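In what follows, a single structure is set out as structure tokens and then discussed.
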Amino acid sequence: MESKEALLQRLSDCVFEMEDEEVVDVAKEYIACGYDPQEGMLKGLVDGMQRASVLYEEGEYFVPELIVCSDAMYAGIAEFRKYLPETEDTGIGKIVIGVVEGDTHDIGKNLVRIMLETGGFDVHDLGRDVPLEAFVDYVKNNDVDILCMSSLMTTTMPGMGTVIQRLKEEGLRDKVKVMVGGAPVSPAFAEKIGADGYTKNAIEAVAFAKRLVGAA
Amino acid sequence: MVIREMELIRLEMTPKERAAAYARGEEVDRIPTTLSAGETAPPLYGIDICDYYFSADAMVEVESRLAEDFQADNLGMGLGLRSLLEALGTKMKYPKKSVSYIDVPALKSFDELEGRELVNIEKDGRLPIMLEAFYRLQDKYGEVRNLGSGLAGPFTTAAGLIGTENFLKTMLKKPEKAHKLLQYSTDNVVKCCKDFHDKLGINFMISEPMGSGELLSKRQFEKFFVPYLKQCVERMSEFQNIPSIHICGRTRDRWDEVVNAGVSGFWIDNTESLEEFKGLYGDKVSLSGNLSPVEVLKNGTPQEIADHVRECIREAGDNPRGYNLCPGCTTPVGTTKENMIAFMNAAAIYGRRARKGCVPEGLKQSV
């Protein structure tokens with residue numbers, strides 16, 4: 001029987017090397033050995049995703065590689081989930097994320113979502129071209145720690161400011177922290193619209209989100 | 001020099017005369033200057049963008065008004081990033097006040113490529129509407145203006161056929177399928193350009209936002225982008241002028257490969273340096289760009305626009321193989337007429353008496 005450490009390493013390698021089919025076989029082997037699925041997820045799969053994100057920061061892995069690594073991670077997670085008890089609250093915080101109205105560029109947002117989930121958050125994804133009121137409504141009707149908004153077009157960026165304004169008008173601004181991102185967004189813009197922060201990529205976003213909920 | 005006048009400085013030479021003279025190395029009244037505004041300008045003329053796409057009348061109206069109001073050197077609707085895709089079966093959404101976007105890609109799987117037909121510009125998508133508009137513009141302006149267009153190249157088109165994330169993943173996991181799609185995509189781009197050219201004599205340029213360094217590694221670029229760009233350039237050059245290319249965003253690390261693919265010119269975005277490009281490749285290809293479209297052209301004051309135009313001309317006005325002044329990318333929706341006039345006027349002043357490979361007299365005299 002292979003040692004837990006060896007199997008965790010193989011799980012991590014599968015994610016890192018984008019082996020989205022082999023990862024399921026390794027996950028099954030791991031479970032068959034009687035090892036803890038939660039640990040398999042965090043120390044195996046998530047570890048692989050974090051190794052991938054280091055290469056992304058170094059400019060070795062790009063968006064396509066991260067997407068396929070995350071496919072492998074999620075394939076492994078789906079297998080492990082069969083053996084985990086149903087729990088409601090597993091995350092370190094609740095996040096709602098979306099691309100602002102008028103904008104359909106969502107690859108960056110998807111990556112941020114993946115990395116936030118990898119980082120331990122429960123994330124609700126509103127998708128792309130999200131009507132501004134939908135952000136406000138979600139915060140109003142749900143338990144949310146952080147609202148994340150993204151845009152790739154300078155013409156849709158002002159929508160972020162409008163959402164923050166609407167949150168104030170509804171008396172919801174203090175209920176939630178607001179993070180913004182996207183290629184045309186800047187720290188200066190984030191400050192101008194009253195956001196709590198701007199992060200320039202998915203990796204920074206996770207670190208910042210953790211600080212916001214006090215989990216860092 | 002302070003730009004106050006919001007009336008367009010009118011010029012004597014026709015765009016056709018200017019283009020021909022500049023190409024011959026003669027002095028022209030103004031540096032070649034273009035605005036890529038057809039798809040985003042309809043609201044300036046009270047036309048909703050969603051209506052513009054489906055009406056030859058609207059297209060002719062917008063192109064005519066742009067020609068009269070701004071006297072840029074280009075005329076002709078771009079097929080842009082999505083017209084060919086739509087003709088090949090990708091479904092679009094049409095918001096009222098913004099450009100269209102992809103809703104559902106044409107292909108659910110790569111197997112659907114088997115025996116799939118190539119585009120027919122007389123029947124598919126909105127191409128017949130554009131064809132009619134081109135004919136009418138040719139009749140109206142053919143004596144004084146060269147009709148031109150541009151469209152997404154093979155790589156960006158391939159992404160839109162199967163879905164961007166899907167395409168990016170397939171390049172990594174099933175490269176042979178990605179290549180098959182890219183070949184189909186190339187065949188369509190070439191056929192589309194040839195068919196329009198055969199009917200109207202239009203020359204096309206290629207746009208490839210997906211080739212940007214923001215998205216694609218150099219490794220993948222060399223494997224999946226370059227071969228099809230080379231093929232496209234070679235095949236298009238058999239019937240039209242050698243095409244030029246526009247890639248948005250970061251491109252510095254792939255300039256070499258793009259130039260060596262045989263393009264006639266490179267339109268770079270505002271994130272890159274005109275001066276640096278000129279220094280490295282100015283003896284090989286013409287150069288276009290690169291006023292910041294949003295920060296300056298849309299959101300800047302007329303004075304800021306003038307200052308930035310001056311800087312562009314200073315950097316690249318003397319590019320040995322020629323320079324075309326234009327924004328770094330498409331003129332954004334919501335750019336005012338006033339700002340577009342400021343841009344054209346600054347071009348007329350600082351780009352006055354231009355000659356290929358030489359600093360324009362207008363710039364020299366502005367010091």
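Just so it is clear: chains get the letters A, B, ... in the order the sequence lines come, proteins before strands, and each one is counted from 1. As the structure is a computational prediction, the values presented were derived from the model and not from experiment.
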Donor-acceptor pair, side chain of Asp71(A) and main chain of Asp20(A), under 3.5 angstrom:
no

Measure distances from Asn110(A) to the heavy atoms of chain B and classify the residue's part below 4.5 Å as side chain, backbone, both or neither.
side chain

What is the ring orientation for Tyr138(A) with His124(A), classed by angle as parallel under 30°, tilted 30 to 60°, or perpendicular over 60°?
parallel

By residue number, those in residues 208-215 of chain B with heavy atoms under 4.5 Å from heavy atoms of chain A are Gly213(B), Glu214(B), Leu215(B)

Might you confirm whether atom NZ of Lys168(A) has over 12 heavy atoms from other residues, nucleotides or ligands at distances under 6.0 Å?
yes

Check residues 89-96 of chain B and write down every donor-acceptor pair under 3.5 Å in which the side-chain atom is one partner and the other belongs to a residue at least two apart or another chain.
| residue | atom | partner | partner atom | Å |
| --- | --- | --- | --- | --- |
| Thr90(B) | OG1 | Ala106(B) | N | 3.0 |
| Thr90(B) | OG1 | Gly160(B) | O | 2.9 |
| Tyr94(B) | OH | Glu86(B) | OE1 | 2.9 |
| Tyr94(B) | OH | Glu86(B) | OE2 | 2.4 |
| Tyr94(B) | OH | Arg126(B) | NE | 3.3 |
| Lys96(B) | NZ | Asp48(B) | OD2 | 3.1 |

Partners of Glu257(B) by side-chain hydrogen bond (donor to acceptor under 3.5 Å, both in side chains), sequence neighbours excluded?
Lys218(B)

Best-contacting candidate, Thr156(A), Ile67(A), Asp129(A), Asp106(A), against chain B by heavy atom pairs under 4.5 angstrom
Ile67(A)

For Lys43(A), is the NZ atom crowded, meaning more than 12 foreign heavy atoms sit under 6.0 Å from it?
no

Show me, pair by pair, the donor-acceptor contacts under 3.5 angstrom made by side chains of residues 289-299 of chain B, not counting sequence neighbours?
| residue | atom | partner | partner atom | Å |
| --- | --- | --- | --- | --- |
| Asn290(B) | ND2 | Asp269(B) | O | 3.1 |
| Asn290(B) | ND2 | Glu272(B) | O | 2.8 |
| Ser292(B) | OG | Glu295(B) | N | 3.4 |

